[in-house]
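Throughout, a chain's letter reflects where its sequence line sits, starting with A, and its residues are numbered from 1.
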Amino acid sequence: MSGYQGKKNIPRITSDRLLIKGAKIVNDDQSFCADIYMEDGVIKQIGENLIVPGGVKTIDAHGRMLMPGGIDVHTRFQMPDRGMTSADDFYQGTKAALAGGTTMIIDHVVPEPGISLISAFEQWREWADSKSCCDYSLHVDITEWHKGIQEEMETLVKDHGVNSFLVYLAYKDVFQLTDAQVYEVFSVIRDLGAIAQVHAENGDIVAEEQRRILEQGITGPEGHVLSHPEEVEAEAVNRSVTVANQTNCPLYVTKVMSKSAADVIAQARKKGTVVYGEPITASLGTDGSHYWSKNWAKAAAYVTSPPLSPDPTTPDYLNSLLSCGDLQVTGSAHCPFNTAQRAVGKDDFSLIPEGVNGTEERMSIIWDKCVVTGKMDENQFVAVTSTNAAKIFNLYPRKGRIAVGSDADLVLWDPDVTKIISAKSHNSTVEYNIFEGTEVRGGPLVVISQGKIVLEEGNLHTTEGSGRYVARKPFSDYVYKRIKARSRLAELRGVPRGLYDGPVCEVSVTPKTMTPASSAKTSPAKQPNQPVRNLHQSGFSLSGAQIDDNVPRRNTQRIVAPPGGRANITSLG
Amino acid sequence: MSYQGKKNIPKITSDRLLIKGGRIVNDDQSFHADIYMEDGLIKQIGDNLIVPGGVKTIEAQGKMVIPGGIDIHTHFQMPYRGTTTVDDFTQGSKAALAGGTTMIVDHVIPEPGSSLMEAYDQWRQWADEKACCDYSLHVDITHWNDSVKQEVDNLIKEKGVNSFQVYMAYKDYYQMSNSELYEVFTFLAERGGIAQVHAENGEIIAEEQARMLQMGITGPEGHVLSRPEELEAEAVFRAITIASQTNCPLYVTRVMSKSAADIISQARKRGNVVFGEPITASLGTDGTHYWSKNWAKAASFVTSPPLSPDPTTPDYLNTLLSSGDLSVTGSAHCTFSVAQKAIGKDDFTQIPEGVNGVEERMVLIWDKAVTTGKMDENMFVAVTSTNAAKILNLYPRKGRIAVGSDADLVIWDTDSIRTITAKTHNSAAEYNVFEGMELRGAPLVVICQGKIVLEDGNLHVTSGVGRFIPCSPFPDFAYKRVKARKQLAVLRAVPRGMYDGPVSEFSMSRGGTPSASARTSPTKQPVRNLHQSGFSLAGNPAPCGPPTPDDIPIRPAGRRIVVPPGGRSNITSLS
């Protein structure tokens with residue numbers, strides 16, 4: 001696996017050896033009671049009456065649940081946006097993650113169109129290596145498409161441990177790709193064995209709606225949700241599922257925010273598509289009614305894309321789908337901006353920087369909304385907060401499972417603790433917390449990252465820069481077993497026929513030669529390059545003539561006694 | 001209504017006609033009554049009618065009398081790369097009448113870049129010269145700009161066109177972007193038009209076609225392989241989304257697959273104003289023939305979206321048509337000779353697209369849907385005639401047997417059995433996609449404009465008697481609901497005081513670190529440029545996320561907020 005990337009691995013806070021006694025170990029498949037011993041950041045023994053070195057630090061877990069540390073599959077720490085940077089950098093962000101029981105994050109590299117993927121990737125590596133407090137990995141976003149990008153993707157997969165790429169169907173004229181480009185990107189991703197992620201919203205319609213709503217004089221944050229209606233999200237999900245099916249590419253929909261988008265994913269899974277849906281903390285925990293808040297700064301704090309649904313039954317619905325397995329993984333899409341940054345869009349909602357908080361609250365919100373209410377059990381909880389993410393992104397069983405040899409990223413979970421979420425006490429730097437005032441049951445008691453205790457008795461002991469980059473290999477089994485089987489089956493064959501040697505209607509070489517709408521009905525599409533089409537048009541010279549061509553049945557006659565004999569045209573039947 | 005300067009010469013039969021003893025079938029009920037017609041109009045309905053002496057009488061004892069069919073989708077005499085489809089308006093409307101269809105609605109296809117109005121005039125000229133039955137026209141919008149918009153406006157206001165088709169397929173040719181669709185739909189919704197859509201994802205088709213040809217698949221099977229049914233369903237879904245956003249009634253032409261039909265029926269359950277049009281071919285046959293060893297036969301099935309290779313499709317579509325999830329039927333009749341199809345003998349993408357079906361439509365639906373008990377005779381009238389008339393705003397002039405309606409009638413024989421074959425059909429094409437099918441039900445007598453055109457198996461048609469029937473905008477059938485929604489859909493802004501707290505500096509030009517100018521969609525060009533002009537500090541972004549040193553390290557912005565320079569006014573504390 002990945003190297004330690006030249007980090008000084010200084011032991012601190014606690015020793016490298018740790019024993020947890022009497023815990024109920026919770027994996028995604030079963031729970032059982034056992035002691036656990038770890039050394040050098042790796043789980044060394046699991047069982048009863050373990051033989052361990054003397055003087056090792058021991059945590060008595062008293063039957064509490066010990067589960068794999070959470071994996072937040074979607075963060076955007078320190079993300080640049082028009083010269084600003086999202087308020088939580090890698091230090092602040094990973095600290096918040098650890099405080100909530102998340103021991104690994106996967107951040108998105110967002111290369112500015114025109115900038116090389118590799119150099120953006122290296123920029124993010126540099127930022128994260130110097131600041132991250134927990135292990136991390138990186139998704140790379142494809143913000144434009146040409147031949148060079150394809151080569152860079154290959155390099156990223158082969159040499160840099162990236163196995164997931166995000167494409168945007170939204171942000172017209174900035175990040176948005178056309179359907180044909182998405183098709184090509186997905187084909188490349190499939191060949192590389194990576195996972196296609198998609199930001200699913202129809203950017204064309206959003207752009208039109210934004211203009212319409214601004215014209216109506218709606219400039220506040222409510223315009224954001226009005227211009228991003230939930231249908232537009234569902235439409236884009238449906239389209240990306242279609243393209244993924246065509247290209248036999250595994251699909252991962254980031255930020256599932258609405259019931260209808262979730263429904264499209266659930267239906268596609270029933271039809272057999274390899275597709276995964278990622279609801280985020282915000283869509284599981286709150287709704288979009290706050291966009292109408294009279295307090296501009298509060299309303300603006302909820303701005304993200306796709307937006308939170310104004311339908312207040314959405315969170316409950318998404319939690320149900322998450323519990324039944326129709327949605328599989330959870331992220332936070334943590335990308336908060338402070339109020340002064342948001343205020344860039346105070347006169348025009350379309351300029352408000354987008355992103356909400358959620359990396360710290362993710363585990364507790366899901367516990368409270370799903371496990372406490374009986375929608376899912378503790379094992380499914382581990383699956384959706386950690387194991388499934390590790391499987392999809394090929395980190396399993398190093399991450400996402402408590403087993404001998406796995407990384408010692410663990411959370412001792414207290415199901416009884418109650419906490420009120422507030423911006424006053426959260427670890428993010430922003431002034432607003434979109435879950436403000438929500439009372440949640442369940443929270444981490446002890447958090448262990450890389451075999452070291454980072455949260456104990458409510459105190460965080462994090463170390464800036466201790467997070468390692470975790471490389472991910474392509475062709476994750478969880479995703480690609482089915483894809484591989486299907487590509488073997490999907491061979492297409494032509495029908496062997498003799499050559500057609502009957503008469504052929506004459507067509508001017510330059511195919512357009514008549515009144516309006518000649519050269520119709522056949523798609524000249526398979527030469528996607530525009531120049532071809534212009535060549536055709538230039539031949540359009542004798543327009544307007546030849547009405548006498550329309551004598552009925554003249555072609556029929558030719559067929560009856562064609563000059564070359566009938567050969568291959570057998571009679572009807 | 002305008003007779004468009006035609007000499008209305010009476011011929012074949014007199015202008016007065018009485019049908020006695022028939023059972024009149026409308027879309028809502030059936031009842032026994034006699035019908036008296038004069039001058040092409042139904043004058044009286046009832047028992048013991050008082051009619052002039054010597055009037056021609058048809059005994060329809062026990063037979064059904066139904067409104068003549070309306071084929072809402074034809075492509076007669078369509079120009080194609082210097083040739084023309086083999087059925088012109090005479091040949092085509094003759095076939096229509098032979099099958100019990102007394103009105104057709106043809107598509108005007110302007111070449112991209114050329115004038116809609118000129119194309120419309122051209123089609124009018126062709127049809128006025130040749131059509132044997134009444135007709136209307138849809139106009140296809142193949143490109144979009146302000147002058148097209150103006151022409152669409154004129155066509156609606158002055159030329160009697162209320163339906164316009166846009167294409168989501170035929171990349172780089174007819175295909176429109178989502179933004180263009182949004183604009184077209186918005187405009188049509190304002191003007192009371194119906195948005196028709198050819199629903200297939202052209203971008204993906206182009207990619208798939210290239211892939212098929214690379215794999216060496218050049219025959220007609222490549223056509224269906226490169227246009228899988230999902231691509232149709234995807235485009236239908238997208239069109240519905242855009243129509244719902246713009247509150248525009250949507251009409252999906254050529255519903256060819258189960259999944260596309262499912263999407264339409266789901267959308268209708270959610271309340272969208274959307275109509276689906278399966279065609280004769282999708283209701284009657286399937287796409288297995290693309291694999292025929294006979295190239296010419298396989299090629300004769302080529303149409304877009306293609307016939308589904310799933311043989312259970314026709315039955316499924318007939319069921320949805322019977323349940324009302326699909327609303328109207330057309331034929332998309334657009335026939336080419338084998339020699340014309342052979343243009344694509346080495347490359348399936350060059351095969352001209354289109355199948356026959358105008359003659360077979362009524363009989364086929366009767367056989368597949370009525371004799372099997374899926375629908376009753378009233379529903380049959382609804383899907384073959386009445387619903388189309390309502391959508392086109394021609395109801396009750398067309399699509400109903402009532403006093404004052406046009407005398408376009410069919411006496412239907414439910415017992416007749418007939419085998420379809422290219423040897424006897426009225427189209428000029430050598431192949432018939434329904435070849436060999438044995439169908440129950442047939443028109444016994446067809447009356448068009450009050451004249452008998454089919455009797456005892458003999459057709460008596462006259463080229464050029466067909467009148468153009470203008471369609472007016474805002475058909476109630478579609479627009480009552482749309483109008484009510486428009487009144488509800490007023491959006492309101494939240495009244496807030498001005499935000500007067502601190503504002504971060506930011507650059508609109510993409511300077512600075514990679515991915516500046518990210519996340520916010522700067523799409524709406526005109527508006528945005530105005531805004532942009534206000535921000536002149538581009539290029540010196542001085543990333544301000546990480547706090548300036550004099551701020552409190554953890555919550556820089558938080559402190560700023562607590563004591564903003566202008567007082568707190570509008571930013572209340574957390575609540």
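Chain B forms more heavy-atom pairs under 4.5 Å with one residue of A:W292, A:Y291, A:Y183 than with any other, namely A:Y183. With chain B as the partner, the residue from A:T143, A:V303, A:T247, A:V232 showing the most heavy-atom pairs under 4.5 Å is A:V232. Ranked by heavy-atom pairs under 4.5 Å with chain B, the first of A:V264, A:N238, A:T219 is A:N238. Looking only at heavy-atom pairs under 4.5 Å with chain B, the residue among A:Q216, A:K346, A:R239 that has the most is A:R239. Between chain B and the residues A:D88, A:D179, A:D141, A:V109, the largest count of heavy-atom pairs under 4.5 Å involves A:D179. Contact tally against chain A (heavy-atom pairs below 4.5 Å) for B:M212, B:K345, B:Q245, B:R270: the top residue is B:Q245. Of the listed residues (A:G355, A:G220, A:A234, A:G223), the one with the most heavy-atom contacts under 4.5 Å to chain B is A:A234.
Counting non-hydrogen atoms of neighbouring residues, nucleotides and ligands closer than 6.0 angstrom, the CZ atom of B:R492 reaches no more than 12 such neighbours.
If you measure heavy-atom distances from A:A300 to chain B, you find no contacts under 4.5 Å at all. Contact annotation for A:S187: neither backbone nor side-chain heavy atoms come within less than 4.5 Å of a heavy atom of chain B. Looking at A:Q246, the atoms closer than 4.5 Å to chain B (heavy atoms on both sides) sit in the backbone and in the side chain alike. Only the side chain of A:R212 comes within contact range of chain B, with heavy atoms under 4.5 Å apart. Proximity to chain B is limited to the side chain of A:N202, based on heavy atoms less than 4.5 angstrom apart.
Looking at residues two or more places apart in sequence or on another chain, you find a side chain to side chain contact (heavy atoms under 4.5 Å, CB included) between A:N245 and A:V241, A:T273, B:E230. Taking the ring-ring contact (aromatic ring centres under 6.0 Å, His included) definition, one finds that B:Y290 meets it with nothing, sequence neighbours left out.
Within the 3.5 Å criterion, the main-chain N or O of A:T339 finds a donor-acceptor partner in the side chain of A:E431.
Counting heavy atoms from C-beta on, the side chains of B:W123 and B:Q77 never come closer than 4.5 Å.
Between B:R496 and A:E222 there is a salt bridge, since a side-chain N of the basic residue sits under 4.0 Å from a carboxylate O of the acidic one.
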Given ring pair (Phe, Tyr, Trp, His ring centres under 6.0 Å), test A:Y500 with B:W295 step by step and report yes or no. CA-CA 7 Å; A:Y500 173 89; B:W295 187 92; 5.0 Å; yes
